[in-house]
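For reference, the structure discussed in these notes is given below.
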Amino acid sequence: MTNEELANIMYPDVTHDIDYYEKMYPERKLPEGAVVSRYSPSPTGECHMGSLFSSFIDEFVAKTTGGIFFFRVEDTDKKREVPGCMHRQLRDLKQFGIVPMEGVVAATEDNKYTEVGDYGPYVQSERIEIYHTYAKWLVANDYAYPGFETPEELEIMRKNQEARKVRTGYYGAFAKYRDVSNEEKAKLIKEGHPWVLHFKSHGNYNRKIEVNDLVRGKVTFPENDMDQILIKENGIPVYHFAHVIDDHLMHTTFVMRGEEWFPSVPLHVELFKAFGFKMPKYAHTSVIMKVDEKTGNRRKLSKRYDPEARMEYYHEMGVPTSAVHEYLMTLANSNFEAWRDQNPNADIYEYKFDFKKMSLSGSLFDLEKLKNISRKYIASLSAKEVYENTVKYYNEFDKNFCNLIQKYKDYTINVLNIEREQKKPRKDYAYWSDIKNGISYMYDELFTNITYTWDKINNISEIKDILNKYISVYNDTDDKDTWFNKIKELTDSLDGYTSNMKEYKLNPDNYKGNVSDVSTVIRIALTGRDKTPDLYEIMKLLGNNRVKERFNKID
Ligand code: GLU
């Protein structure tokens with residue numbers, strides 16, 4: 001019996017040949033160098049830092065090369081499916097500005113999918129007919145065969161191999177059905193014995209192949225010689241087979257995926273070769289690690305212990321999307337930071353992603369670095385832009401505060417402009433959620449029950465004396481020099497205080513305080529804090545009356 005005849009017996013329902021699909025999904029018409037990438041999660045879990053990292057890079061390289069970034073649902077393990085998780089993943093990606101151009105673009109709570117594009121279906125469970133067509137081709141071309149062993153038998157075989165200290169797996173002499181005649185196999189099928197589809201490897205474990213991984217560089221593997229299961233007893237393909245067929249038919253050129261797939265690359269190489277398909281470029285990322293705050297050791301970033309591993313963290317804390325993008329790009333490409341220094345105002349999408357500069361640094365997550373990038377980013381925005389983002393954030397997380405800053409819109413923009421829109425702006429906000437605490441004292445509605453506490457100058461009559469003297473000279477129309485001179489003059493008029501900082505530093509024990517301490521008294525009385533942005537600006541915005549009112553509250 002020929003292989004072709006066996007293939008017909010195995011797949012009686014397959015009506016097309018592979019040419020049919022090859023024509024149905026022709027080469028994409030894209031500019032030279034365009035990258036086709038995909039994010040292809042299984043609907044079994046939520047988006048996390050690792051998936052955000054690779055989907056951002058996938059989207060970035062597609063977008064910047066005039067290519068396509070598509071979303072595929074890999075739902076071949078129905079038992080592990082979690083309702084609504086693709087809906088949430090798409091929502092989470094969107095929150096970070098990542099939107100698929102093709103494939104599954106929307107999902108419902110009960111895992112119903114909406115797709116766009118000419119290379120679908122983009123949901124693997126709807127592609128069974130396609131997989132079977134290609135499986136049939138493999139059988140007819142001596143690259144696959146049915147096996148009739150049960151999972152239990154395979155498990156016993158594996159244990160025996162371990163006991164005998166030989167390589168585990170279904171290969172060579174262990175591949176029980178590999179050399180059984182086609183007649184015998186056809187007979188078992190006709191008798192109704194359940195079967196799986198095995199790959200028929202032509203590889204030799206003693207020969208080497210070299211794989212060029214974009215993250216790991218050139219890596220040498222032994223050739224694949226495993227007759228791996230490609231299609232399970234229920235007719236559903238395993239990842240390896242679906243990956244090769246889908247990424248071929250969808251014309252993927254760049255596959256970024258987790259390191260757990262790296263050892264399977266030799267199998268994928270052989271499968272692509274068997275079909276005569278062109279292979280995509282691979283980038284295998286590592287599990288994301290972090291340096292543990294307590295021990296200083298590296299460990300896996302954990303959803304359980306590290307809030308920053310969860311996507312909600314970024315949303316709830318209000319981490320600007322652009323800052324997340326900047327950070328992910330510094331992890332992905334070692335050239336990026338230098339480029340950013342030279343092009344501080346350029347749109348990130350102007351950056352030319354360098355595949356040769358991909359590294360494993362993406363595996364070490366550093367929240368402090370992200371915060372610094374974010375501080376720099378927020379500092380680079382205009383007061384109006386900060387205001388708009390702040391409104392958007394608090395509209396979701398604190399309606400009262402949102403209403404307040406909308407009520408005092410122009411005032412709030414001025415508050416946000418203190419030490420902004422200048423050469424070296426203040427970098428004190430890492431997250432949008434920092435803003436309320438950063439400016440709350442500027443609103444009388446929130447500046448209630450403030451008590452004066454400062455160890456250095458804490459005698460109430462002395463404090464009141466400073467404030468009373470000062471209010472009689474303060475005027476919100478003064479320029480900054482006049483304002484400062486008035487505080488200096490006040491300082492020198494007080495018993496035991498000096499505005500001469502040099503003199504104070506030489507003989508601190510001779511004095512109760514200096515000009516900076518007097519400013520601090522004023523600052524605390526007005527804001528409840530001993531550190532704030534520029535006090536002169538703050539006072540100007542508060543104005544004469546509110547300054548007076550706040551001073552009067554101190555007792
Ligand atoms: N569904 C696979 C996973 O979630 C995708 C791997 C890939 O990107 O090829 O691991």
Side-chain angles (χ1 to χ4, degrees), residues 35-62 67-82 84-90 92-93 98 100 102-104 107 111 113 115 119-128 131 211 213-216 228 230-232 236-272 277-288 300-301 303 309 311 332 358 362-363:
V35 173
V36 179
S37 62
R38 83 296 193 275
Y39 176 54
S40 52
S42 302
T44 51
E46 307 300 316
C47 211
H48 48 81
M49 207 52 212
S51 40
L52 181 67
F53 176 72
S54 46
S55 51
F56 171 66
I57 302 304
D58 279 330
E59 195 221 26
F60 189 94
V61 293
I68 296 286
F69 165 64
F70 68 87
F71 190 106
R72 182 170 70 222
V73 174
E74 306 209 328
D75 61 342
T76 51
D77 190 351
K78 287 286 175 196
K79 277 200 277 320
R80 291 179 55 225
E81 244 184 68
V82 177
C85 74
M86 290 292 90
H87 167 75
R88 292 188 291 279
Q89 286 218 13
L90 282 161
D92 290 348
L93 292 184
I98 300 163
E102 186 184 298
V104 172
N111 294 2
Y113 305 113
E115 35 182 72
Y119 290 84
Y122 296 89
V123 179
Q124 287 185 332
S125 59
E126 289 167 22
R127 299 175 61 78
I128 302 301
Y131 301 128
V211 175
D213 184 87
L214 292 169
V215 174
R216 285 146 207 268
Q228 289 273 11
L230 299 181
I231 297 192
K232 291 177 280 184
I236 310 257
V238 300
Y239 168 79
H240 311 294
F241 190 53
H243 153 54
V244 171
I245 303 305
D246 292 351
D247 284 317
H248 163 67
L249 289 177
M250 296 174 187
H251 299 279
T252 308
T253 64
F254 173 61
V255 169
M256 190 158 180
R257 62 185 178 188
E259 65 186 347
E260 66 274 25
W261 302 114
F262 194 49
S264 308
V265 168
L267 170 64
H268 302 164
V269 169
E270 203 191 350
L271 269 165
F272 275 102
F277 297 157
K278 194 165 176 243
M279 285 189 58
K281 288 192 169 70
Y282 285 111
H284 289 90
T285 56
S286 298
V287 171
I288 298 201
K300 229 173 113 173
L301 187 69
K303 273 198 189 171
M311 290 301 97
M358 284 188 84
S363 65

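All ligand and atom numbering here is 1-based and tracks the order in the structure. Just the heavy atoms: all of them, side chains too, but no hydrogens, waters or symmetry mates, feed the values below.
With sequence neighbours left out, the side-chain contact (heavy atoms from CB on, under 4.5 Å) criterion links Glu81 to Pro43, Asp75, Lys78, Asn111. Residues passing the side-chain contact (heavy atoms from CB on, under 4.5 Å) test with Pro280, sequence neighbours excluded: Val255, Phe272, Tyr282.
Closest protein heavy atom to atom 10 (O) of ligand 1: Trp261 NE1, 3.2 Å. Of all protein heavy atoms, the one lying nearest to atom 9 (O) of ligand 1 is Tyr239 OH, 2.4 Å. In terms of protein heavy-atom proximity, atom 5 (C) of ligand 1 is nearest to Ser40 O, 3.1 Å. When only non-hydrogen protein atoms are considered, atom 8 (O) of ligand 1 lies nearest to Arg38 NH1, 2.8 Å.
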Open item on the list: Using the rule given for side chain to side chain donor-acceptor pair (under 3.5 Å), can you reason through Glu102 versus Tyr122, listing the C-alpha separation, both sets of side-chain angles and the distance that settles it, and then say yes or no?
Closed with: CA-CA 9 Å; Glu102 186 184 298; Tyr122 296 89; 2.6 Å; yes
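Interface of Ser42 with ligand 1, defined as ligand atoms under 4.0 Å from a residue heavy atom, comprises 1 (N), 4 (O). Heavy-atom proximity to Glu74, at under 4.0 Å, picks out these atoms of ligand 1: 1 (N), 2 (C), 5 (C).
Atom NZ of Lys303 has more than 12 heavy atoms from other residues, nucleotides or ligands within 6.0 Å.
Exactly one residue among Arg257, Glu259, Arg216 makes a side-chain hydrogen bond (donor to acceptor under 3.5 Å, both in side chains) with His284. That residue is Arg257.
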